[in-house]
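Below: the structure, in structure tokens.
Position 1 is the first residue of the sequence, and the numbers go up from there.
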Amino acid sequence: SPALVATAQSLAAALAADPSSGEAQIAPLVAAVEQAYVVFAGEAGRFQSAAQIDTSLRAALYFTRAARALASAELERAGVNSRLQSVAVNLAQARDLMNGVAGASGGTSPAVATRASVIGTATTLSGASLAPLVAPESLGVINGDPTLSPLSLQTVTAHFDSSGRLPFELAGVSVTVGGHAATLLAVSASRVSFVAPAGLAAGEAEVIVTLQEGYVSRGTVTVGALAPGVFNPDGVRDALVMNAATFKGGSFEVWTQENFSADKHTRLMLYATGLRGAPNTDLTNDLASGSFNRANVAESIALEARLQNGLVYQLAVEYAGAAFDGAAGVDQVNFILPHTFQGAGAVELTLIVGGQRSNAGTIIVR
């Protein structure tokens, strides 16, 4: 294993020094670090500093995977190269510890090398329900322990660029989910908000948060084709809902005179995430006008309403799909509020899609 680590370290240093290093060049480094770690695991008993070596090798592996994901996303070179430098630092640490040398900097400041030797925690949840489940193109949040390893050194909110895209790196922070770089919405020392990459395979996925400054946190999350979650602004029960005609929240009447059509039944917009994987089996209800086309999966979504007296109703869903305001990862469910609900008070709403139930959110009907 010392020879394998030394070889991987030399490759990492060379790639970090080459501003043109891309995914094709980084892939062999990932394989080399993985092989070195597997062989070391079988020889760990030979080394006095086995625990420190293990941490350095795992950190190197996580930074390598993050570098490959960013390179695949065609990020600006600074983000990729900084992570390759962290790979070289951690491999140099492991190499020198294997050879009985106390400390290693790998050509970088000792402070950075020390930071990279600590692996923080990354607990990943749905950005709406806070369940430990995400779906492709859904909103997710990562919670970490800033006293162990901060997820970010700044508190920053992302903005769309001129092409309407979110960044893959924000304030020096990157997130890798299942080997793919995720776009970011906001970062802070203890929390990162992101959009799960499209095309994630179902099952357990590795989540890696890396900083250009050399910090790394790692965890796992379950990925499902669907992960229905209702946004609760208060974090407890209130659903994020607006009147579709007036765009006002709060409590709702069963009639809305501002409706343009003769039908004055109130239409409400419920905000959720994790619905993009629902099958679009009825193309006739999709929203299309000229070059504009938006999939409507209302036929695959059930909306359950539970009244305070325990009675349960299925509400008519007219639209379900990507939110009209273009918010990344946010889905929207438009439904009709029955006139029989007048004066119902608190009504608990739950989405059901693909046999999965979301968390419940509550509205007030006057």
Side-chain angles (χ1 to χ4, degrees), residues 12 30 33-34 37 41 49-70 79-80 82-94 97 103-106 108-127 130 132 134 140-156 158 167-197 204-223:
V30 176
V33 178
E34 288 175 343
Y37 183 70
S49 303
Q52 293 172 274
I53 296 169
D54 181 89
T55 299
S56 293
L57 288 179
R58 285 192 296 118
L61 182 57
Y62 302 151
F63 276 110
T64 309
R65 289 172 177 167
R68 180 175 61 180
L70 288 177
V80 175
S82 71
R83 282 155 183 85
L84 290 173
Q85 290 168 10
S86 291
V87 175
V89 166
N90 280 280
L91 290 175
Q93 275 191 321
L97 288 167
S105 64
T108 308
S109 70
V112 172
T114 300
R115 291 171 188 167
S117 65
V118 176
I119 300 173
T121 57
T123 302
T124 305
L125 308 168
S126 162
L130 300 183
V134 298
V141 295
I142 302 169
N143 295 323
D145 182 357
T147 63
L148 178 63
S149 182
L151 299 180
S152 174
L153 298 185
Q154 303 176 56
T155 298
V156 179
F168 289 101
E169 187 176 48
L170 181 62
V173 177
S174 78
V175 170
T176 305
V177 183
H180 302 278
T183 53
L184 305 182
L185 293 166
V187 298
S188 69
S190 60
R191 188 165 184 154
V192 172
S193 298
F194 69 96
V195 180
E204 186 175 83
E206 180 179 60
V207 178
I208 301 170
V209 182
T210 59
L211 282 68
Q212 286 196 21
E213 293 83 0
Y215 294 96
V216 58
S217 297
R218 191 259 185 194
T220 60
V221 69
T222 300
V223 176

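- Of the N and O atoms on the side chains of Q93 and Q52, not one donor lies less than 3.5 Å from an acceptor on the other residue.
- Shortest non-hydrogen contact noted between P132 and T222 is O-CB, 3.7 Å.
- With a 4.5 Å cut-off on side-chain heavy atoms, L91 and V33 count as touching.
- Using a 4.5 Å cut-off on side-chain heavy atoms (C-beta onward), T55 and I119 make contact.
- Of all non-hydrogen atoms in R83 and S174, the two that sit nearest each other are NE-OG, 3.1 Å.
- Not counting sequence neighbours, the partners of E206 by the side chain to side chain donor-acceptor pair (under 3.5 Å) test are R65, R218.
- A 4.5 Å side-chain heavy-atom check between P150 and L153 finds at least one atom pair inside the cut-off.
- Between V141 and T124, every side-chain heavy-atom pair lies at or beyond the 4.5 Å cut-off.
- Heavy-atom minimum distance, F168 versus L70: O-CD2, 4.0 Å.
- Between A59 and N90, the shortest heavy-atom distance links the atoms CB-OD1, 3.4 Å.
- Under the side chain to side chain donor-acceptor pair (under 3.5 Å) criterion, N143 pairs with no residue at all, not counting sequence neighbours.
- The side chain to side chain donor-acceptor pair (under 3.5 Å) search around S126 returns S129, not counting sequence neighbours.
- S217 meets the side chain to side chain contact (heavy atoms under 4.5 Å, CB included) test with A122, S149, L151, V209; sequence neighbours excluded.
- Residue pairs that meet the salt bridge (charged side-chain N to carboxylate O under 4.0 Å, His left out) test with at least one member in residues 50-62, sequence neighbours left out, are D54-R58.
- Although no hydrogens or angles enter the test, the distance criterion places no donor-acceptor pair under 3.5 Å between the side chain of S56 and the main chain of I53.
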Distance-only donor-acceptor pairs under 3.5 Å for side chains of residues 177-194, two or more places apart:
{"from": "S188", "atom 1": "OG", "to": "R191", "atom 2": "N", "distance (Å)": "3.2"}
{"from": "S188", "atom 1": "OG", "to": "R191", "atom 2": "O", "distance (Å)": "3.1"}

message: Walk me through whether V175 and I142 qualify under side chain to side chain contact (heavy atoms under 4.5 Å, CB included).
response: CA-CA 9 Å; V175 170; I142 302 169; 3.8 Å; yes

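- Here the shortest heavy-atom pairing between L148 and G120 reads CD2-CA, 3.7 Å.
- A 4.5 Å side-chain heavy-atom check between V216 and I208 finds at least one atom pair inside the cut-off.
- Here the closest heavy-atom approach between residue Y215 and residue F63 is recorded as O-CZ, 3.4 Å.
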